[in-house]
K.L.:
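My questions will all concern the structure given below.
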Amino acid sequence: MKLAALLLQSTTAAAPPTTGMSFLLVLCLILAIVDLFYWKKGGARTPKKTVRKFQYVLLGFVVFSVVGVMTGFGAAAGDVLGISLDFVFIAWECTRYKVRRDNPIAYRIPPPPPPLA
């Protein structure tokens, strides 16, 4: 009986993600794939200043989660970290979209074939 009470007490179901957030994440994954092809074709990289800002934000979230786990609020820190990282990913893809829009790839148009004689 004590084991059943302990199992019921320790299992808490996390809230399911909202439809809007799921849609944004799927959209960002599609944009990340488009960005991968953009990089492979020689597209522009993100400015180092912008990359550094995102690295500082990610470092802040890591510190936040470590402090949350060490103080005993690991579940709450994990929930907030998950949502926050989703927003960071969305912001990153918006930044990459701006870079792709400002620096389009110059596609070469092949010359027309010579006329048949």
Side-chain angles (χ1 to χ4, degrees):
M1 189 64 165
K2 289 182 181 181
L3 179 62
L6 181 64
L7 287 175
L8 287 175
Q9 187 179 24
S10 66
T11 57
T12 57
T18 61
T19 306
M21 184 62 79
S22 299
F23 174 74
L24 284 175
L25 287 177
V26 168
L27 180 65
C28 284
L29 287 174
I30 292 170
L31 289 175
I33 293 169
V34 169
D35 196 38
L36 180 68
F37 288 119
Y38 174 77
W39 276 352
K40 283 187 176 184
K41 291 180 181 177
R45 300 285 182 183
T46 306
K48 289 187 179 191
K49 190 175 184 180
T50 306
V51 172
R52 185 67 62 190
K53 287 179 187 177
F54 276 100
Q55 288 173 344
Y56 287 145
V57 168
L58 289 175
L59 181 66
F61 285 131
V62 168
V63 168
F64 171 76
S65 63
V66 168
V67 169
V69 169
M70 290 175 59
T71 57
F73 296 105
D79 292 342
V80 172
L81 181 68
I83 294 169
S84 301
L85 290 180
D86 290 345
F87 282 119
V88 168
F89 182 56
I90 291 168
W92 174 258
E93 285 304 320
C94 289
T95 304
R96 286 300 306 158
Y97 174 75
K98 183 180 178 304
V99 169
R100 287 193 306 268
R101 187 188 63 199
D102 293 343
N103 303 302
I105 297 175
Y107 293 102
R108 291 186 342 167
I109 299 174
L116 298 173

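As a basis for the values below, the full set of heavy atoms in this structure was taken, side chains included, without hydrogen atoms, waters or symmetry mates. Start at 1 with the first residue, then count along the sequence. Remember, predicted model here, so these are calculated numbers, not experimental data.
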K.L.:
How long is the straight-line distance from CZ of Arg45 back to OG1 of Thr50, given to the nearest 0.5 Å?
P.N.:
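Answer for the OG1-CZ pair, Thr50 versus Arg45, is 14.5 Å.
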K.L.:
Starting from the C-alpha separation in whole Å, work towards a yes-or-no answer on side-chain contact (heavy atoms from CB on, under 4.5 Å) for Val34 and Tyr97.
P.N.:
CA-CA 10 Å; Val34 169; Tyr97 174 75; over 6 Å; no
K.L.:
Roughly how far apart are Ser22 OG and Leu27 CG, rounded to 0.5 Å?
P.N.:
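Those atoms lie 12.5 Å apart.
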K.L.:
Any link between Phe89 and Phe54 through a network of hydrophobic side chains (Ile, Leu, Val, Met, Phe, Trp, Tyr) touching at under 4.5 Å?
P.N.:
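No.
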K.L.:
Transitively linked via ILVMFWY side-chain contacts under 4.5 Å: Val62 with Val57?
P.N.:
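Cluster IDs for Val62 and Val57 differ.
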K.L.:
When rounded to the nearest 0.5 angstrom, what is the spacing between SG in Cys28 and CZ in Phe87?
P.N.:
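Spacing of SG (Cys28) from CZ (Phe87) equals 10.5 Å.
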K.L.:
How many angstroms lie between atom CZ of Arg52 and atom OG1 of Thr46, to the nearest 0.5 angstrom?
P.N.:
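Reported value, rounded in 0.5 Å steps: 13.5 Å.
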K.L.:
In the single-linkage hydrophobic clustering (I, L, V, M, F, W, Y; side-chain heavy atoms under 4.5 Å), do Leu24 and Leu29 co-cluster?
P.N.:
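Leu24 and Leu29: one cluster.
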K.L.:
Mind checking the CD1-CG spacing from Ile90 to Leu25? Nearest 0.5 Å is all I need.
P.N.:
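Between atom CD1 of Ile90 and atom CG of Leu25 there are 5.0 Å.
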K.L.:
Taking atom CH2 of Trp92 and atom CG of Leu58, what is their separation to the nearest 0.5 Å?
P.N.:
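The CG atom of Leu58 is 9.5 Å from CH2 of Trp92, to the nearest 0.5 Å.
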K.L.:
Looking at side-chain heavy atoms only, is the closest gap between Asn103 and Tyr38 below 4.5 Å?
P.N.:
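Asn103 reaches Tyr38 side chain to side chain.
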K.L.:
How would you list all residue pairs meeting side chain to side chain donor-acceptor pair (under 3.5 Å) that involve residues 24-37, not counting sequence neighbours?
P.N.:
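Found Asp35-Arg96, Asp35-Arg100.
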K.L.:
Please give me the minimum heavy-atom distance between Val99 and Ala44, naming the atom from each residue.
P.N.:
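Result for this residue pair: CG1-O, 3.8 Å.
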